[in-house]
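Numbering of ligands and ligand atoms starts at 1, following listing order. Every value quoted in this text rests on a predicted model; they were computed, and no experiment measured them.
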Amino acid sequence: MRGRVTELRRLVRHHAELYHRQDAPEIPDADYDTLVAELRGLEERHPELAEPDSPTATVGAPPSGLFAPVAHDVPMMSLDNAFDLEELRAWAARATSRLDGPAGPYVCELKFDGLAISVRYEGGRLVRAATRGDGRVGEDVTHNVATIGDVPPRLGAGAPEVLEVRGEVYMAIPAFERLNAAREAAGEARYANPRNTAAGSLRQKDPAVTAQRELSWWCYQLGTVVGGPTFARHSETLEFLADLGLPINDAWRRIEDLAAVETYVLRAEQQRHAQDYETDGVVVKVDDFGRQAELGVTSHHPRWAVAYKFPPEERSTRLREIQVSIGGKGKATPFAVLKPVFVGGSTVQMATLHNEDQVRAKDVRPGDIVVVRKAGDVIPEVLRPVLSERPEGLPEWVFPEVCPCPNRAPLVREEGDAAHHCRHPHCPAQQAGGIEHFASRGAMDIEGLGEKNVRLLIREGLIVDVADVYALEEADVVSLENFGPKKARNLVAGIAASKERSLARLLFGLNIRHLGGAVGELLAGAFEDLDSVIAAPADQLAEVPGVGPTIAASVRAFFDDEDNLAVVAKLRAAGVNFAGPVPADTDDALPATLEGKAVVVTGTLENYSREAATAAITARGGRSPGSVSGSTTAVVAGAAPGASKLTRAENLGVPILDESAFEHLLATGELPSAAAPEGTG
Ligand code: IVH
């Protein structure tokens, strides 16, 4: 017991030092909070182990010596945390029981994720700014704070003789993205997150460096006032500070009772990604100063306020192994197999690692404890290893040389390509992806032929290539697991119906490298039938507007391959439609799935040039404007997308689609439900 308490104190001190002093935390805030909660629990149950200098009794970290010390007139305290509504209710119940009457009304404010500073004005002019430090003594960062545009050098009329206010310095997400983009362009490492970047930017010896960083400030608390009005309530002070020209975030509300506070908290949690700055919770404060005084403070936090913390979007967990999944076009994508961890509202056990360079840049190794992030609807991501927990001698991961399928064909990475590919023409891993793609909604749209069934049919030896699908009979599948007469009948009917699909869909379904749905349409529109596409030399293919030499070469290579021609022959024998659209039929071939919809495209797509993407959208009755607005249906993001478009989409709640979701949208006019992580198959 004593040993664990000592260990926990060491860990908490270590991580507090990294967070407060070095602005470089190693573990997620939620993991830190868990350590503190365990320590606090043990100290409460074993008062004999309490120590006055335990990290549970202190705030932040003492000044570093880099800056001149500043003693705070009124201590800058921390806040008590509530991790769910029950803890919030318990806090309110404790407060109410200490008072004669109710603790409400309350003021609810967003909890900004940055670093606390105190700013002092004398005669309406900024004279000093200090960090929180250990709560009693902070660091003098006046010259740095003076460079922040949101911090007025002078206050408006009616400023008290002395006014000390507190607030949070933060970096807005677009500013953070701009800074990281510039760093990447200069070959420098990206910063981890806006909070630490803001803290590091503020604690610079040279104010010119701070001035280059786009920092912002929200003011949320009155400190010392001399020669000014007196106030009865916190809400009055917020109005007063706003009138003086200080930046008060307008999400704050004065709220009568706890039930309404809970509604506020849940709404703020739902909308936490709607702003362009990060929040990690809601601060609930007792509004009435008389009641605040009655409630008083502990050594660590006031009893009249509490921080409701949003569920964490970052947690650490064990990286069990790194596997590689093979996509329909043979692309080998590494992904992390994790010890399941609950983060961002769901249990995560796999996360894409994108490609070899990403694994190397992040330096994550099988066996590491890694930080996993899952925010909003974005797919889970492995951020970094927790180096202090890395077992000694843990080897680096090397990209497998061969495909995980039984052929063990080499995984090749061509020059200028970030991805490895298996180029084996009969790779079963690739085959499964290829057949899934053939049957998918944007291609031949065969109901009942999804990932699971494709794998099952391959395993049972019933299909090897896409053409084998047309040889399936009810009797072949009826007794397979999860089938039965009805599903077998539906599958075979769905397969038969797919024979009538358009040439464009068939071309797309064949899974030819670089040939996306839009190029399928361009080719189908330019040639009479599949046979004339097969017969066309590369330069004739390349002449089709929107096609070009790369796609043409790849189409040529596909149809020069004997195995592929054999598949085509089987498709013909099965009676699959090879004919291009009869002019009168073009409307049928392209349903107006995007009628009245606006789809913005940003970044580089794999299978669509920008013109091809626009053509695909407009051919379906949609528009493709250059900028994101409230009426945008979706933003399609390829590689290196425009950061401002993405941020705007996030702020406006416009869904962001990857390329496969885009194809789904083109085919159906519907937005897919949240995208599944890549590489989970
Ligand atoms: S009030 C004694 N209000 O959260 C109460 N703090 O975890 C003083 N914070 O140190 C704090 N947003 O850095 C308050 N609206 C808000 C806040 C806020 C962010 C930070 C602040 C504080 C920390 C406590």
Please work out, at 4.0 Å between heavy atoms, whether the side chain, the backbone, both, or neither of [X] comes within that distance of ligand 1.
X: P302; result: side chain
X: E168; result: side chain
X: R166; result: neither
X: L110; result: backbone
X: F112; result: both
X: H301; result: neither

Ion pair K309/E269, N-O distance below 4.0 Å: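 Not counted as a salt bridge, because no side-chain N and carboxylate O are separated by less than 4.0 Å.
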Looking at E164 and R120, is there a salt bridge between them, counting it only when a charged N and a carboxylate O are closer than 4.0 Å?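 Answer for the salt bridge query: no.
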Exactly one of T131, I117, L202, V169 should register a side-chain contact (heavy atoms from CB on, under 4.5 Å) with N144. Which one does?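 Checked T131, I117, L202, V169 against N144; only one passes side-chain contact (heavy atoms from CB on, under 4.5 Å): L202.
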So is [X] polar-close to ligand 1, meaning N/O to N/O under 3.5 Å?
X: W304; result: no
X: Y220; result: yes
X: E109; result: yes

By the definition salt bridge (Lys or Arg N to Asp or Glu O under 4.0 Å), identify the one residue from R10, R4, R9 that meets it with E7.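 Only match with E7 under salt bridge (Lys or Arg N to Asp or Glu O under 4.0 Å): R10.
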Just need the protein heavy atom nearest to atom 8 (C) of ligand 1, so name the residue and atom and give the distance.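 Sorting protein heavy atoms by distance from atom 8 (C) of ligand 1 puts M77 O, 4.3 Å first.
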Protein heavy atom at shortest distance from atom 22 (C) of ligand 1: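 Answer, as residue, atom name and distance: R132 NH1, 4.0 Å.
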When you check the side-chain N and O atoms of E278 and Y170, is any donor under 3.5 Å from an acceptor?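 No - no donor-acceptor pair under 3.5 Å links their side chains.
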Would you call the rings of F231 and F240 parallel, tilted or perpendicular if under 30° counts as parallel and over 60° as perpendicular?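 The arrangement is tilted - the two ring planes meet at 30° to 60°.
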If you measure from atom 3 (N) of ligand 1 to every heavy atom of K309, K111, K285, Q221, which option wins on shortest distance?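 The residue whose heavy atom sits nearest atom 3 (N) of ligand 1 is K285.
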Got a sec: does the CD of E86 have more than 12 other heavy atoms crowding it under 6.0 Å?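 No.
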With heavy-atom distances below 4.0 Å as the criterion, list the atoms of ligand 1 near L79.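 That gives atoms 5 (C), 6 (N), 24 (C) of ligand 1.
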If the cut-off is 4.0 Å to any non-hydrogen atom of A116, which atoms of ligand 1 fall inside it?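 That gives atoms 13 (O) of ligand 1.
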So how far is it from R253 CZ to L110 CG, rounded to the nearest 0.5 Å?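 Atom-to-atom, R253:CZ and L110:CG are 9.5 Å apart.
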Okay, side chain of H15, backbone of E26: is any donor-acceptor separation there less than 3.5 Å?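 No.
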